[in-house]
Amino acid sequence: MHLTGLRGMPRRIYTYSGDEGWNWLNLLSSVGGFIMTIGFALVVIDLLAQLRYGRRVRRDPWKAETLEWAMPIPPAPYNFASIPHLETGPDRIAPVGLALSLARGEGYLGFARNGWQETLGVHITSGEPEQLIVLARPTYLPLYTALATAAAVLAMLFHLYLLALAAALAVAGLFVLAGQSAGLSRDYGPMPVGNGVSVPPHTEVVGSPPWWALIFALVADGVLFASLVFGTLYLWISAPNWPPAQTFAPDLRLALAAVAALVVAAAAARGSLRSLAADGMTRGWIGLAALGLVVAIAAVVAMIAAIVPRPTEHALGATAAALLAFVVLHAGVGLLFLLSNLLRLGAGFVSSQRSLDMRLTRLWLDYTLVTGVVALGLVLALPALVGMLKT
Amino acid sequence: MTASARPVPPGYLLWLAAGFVVWCSALVVLYAVHAIGCAFAWSAGPLRLVLALVLFAHLAVIGWIWRRLGRSHLGLDFGRTGAFLNGAAVWATIAAFATTIFTLSASLLLTVCM
């Protein structure tokens, strides 16, 4: 279908004259369509056959030796009572014996404590227990966040931009609210997890799940940012109607002020992390970081306001505005991080042992600084790049 | 892993992806140089030369990773897990090397600009 498209076949037509050279490619597509249908039909037939002829069995009817067969059928509401410790590979075990031992609570975490929902975090290459992950309590917050997100997106589709903005702010507020009950409000130190092993809770280790979550989120965000830079350069050399009739001259002082303010914010995030250990001026550092972000946002918004051609008139203005808006968005989210830091500091969720909040903020502000320098540098370079097109 | 061996440092896992990250870089840089060269009407000879240099530079980097991983003795230091990860990283790098040649050497053969 890709090739027929390259050969000029439009989409959504039901017939054509037949001399365009698409015939054998479309025949191939039809054969593929039949094969896919057979695949789907096999699944449906299998489902129906299971419903009609399937027999109920107990655990491990095939006498298999892999770990998943230690699972009771049907599963208990709590899935399994404890977590196994495996010395050998997971494909050489006796599932039935292991299952009974796990059901007796002889694995890790075969007991309840403080009403917590716990699981084990293990070392990434060895699998040794490393941290006790205390999971969030069941809550409707994800549902409310999803509804607010859907409202924001739908409102944009229907051109209700103020409603979209309100819903987006509601999403941001819900994220900060979710942070008000996450984590543990005191230091616990290593706690027993079974088999004679004690590990600290995830709030007191470096590589906890929220830390990795932010790293992966930033990798995804970095891909989006790279796409934005790529799109800008792509339009520069490939779009029609370039260069535009008039080009803006970005204000170098505003750009430098924005970068300096982002540097201050990133440095203040380090200060807040250090002051946690010294029990010092954490709130002051958070305030300084927030001030830096506000200054950066103001400078970049002023740059957006001065863009010519207007973003609605020419892709040059639109790409420059998008690059700058990326910086504003990330600085704005940085403010949410700082607000959450302040609230959680007040509620006792942060200590020198539990420094995750400050480390997340530092990581986010470092990322905001690096992408901000790239985005502002590209916007500063855009007039010169456009000038090259005129020669 | 055996109980006596030390755990493999988590950072080592990045070597699994290293070869293909370089492949990504080769793809993006070749695409960019090609597009810019054609947009500004560089003559075919120099453009082809720059494309070849970019491709060979990336192949050299992947080759260096391959050699480095091939000579490492992770298995001795870190037991079975180390040996397995080392093998997986070497083969992922070889795949990246072959992929780079297979997918990107066309830039040396095809017409430079339309």
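Just so we're on the same page: letters track the sequence lines, and every chain starts at 1.
- When the shell of 6.0 Å around CZ of B:Phe84 is examined, it contains 12 or fewer heavy atoms from other residues, nucleotides or ligands.
- At least one side-chain heavy atom of B:Pro10 sits less than 4.5 Å from a side-chain heavy atom of A:His123.
- Contacts between B:Ile36 and chain A at a heavy-atom distance below 4.5 Å involve backbone atoms as well as side-chain atoms.
- Heavy-atom distances place the side chain of B:Tyr31, and not its backbone, under 4.5 Å from chain A.
- Residues of residues 219-247 of chain A lying under 4.5 angstrom from chain B, judged on non-hydrogen atoms, are A:Phe230, A:Tyr234, A:Trp236, A:Ile237 in numerical order.
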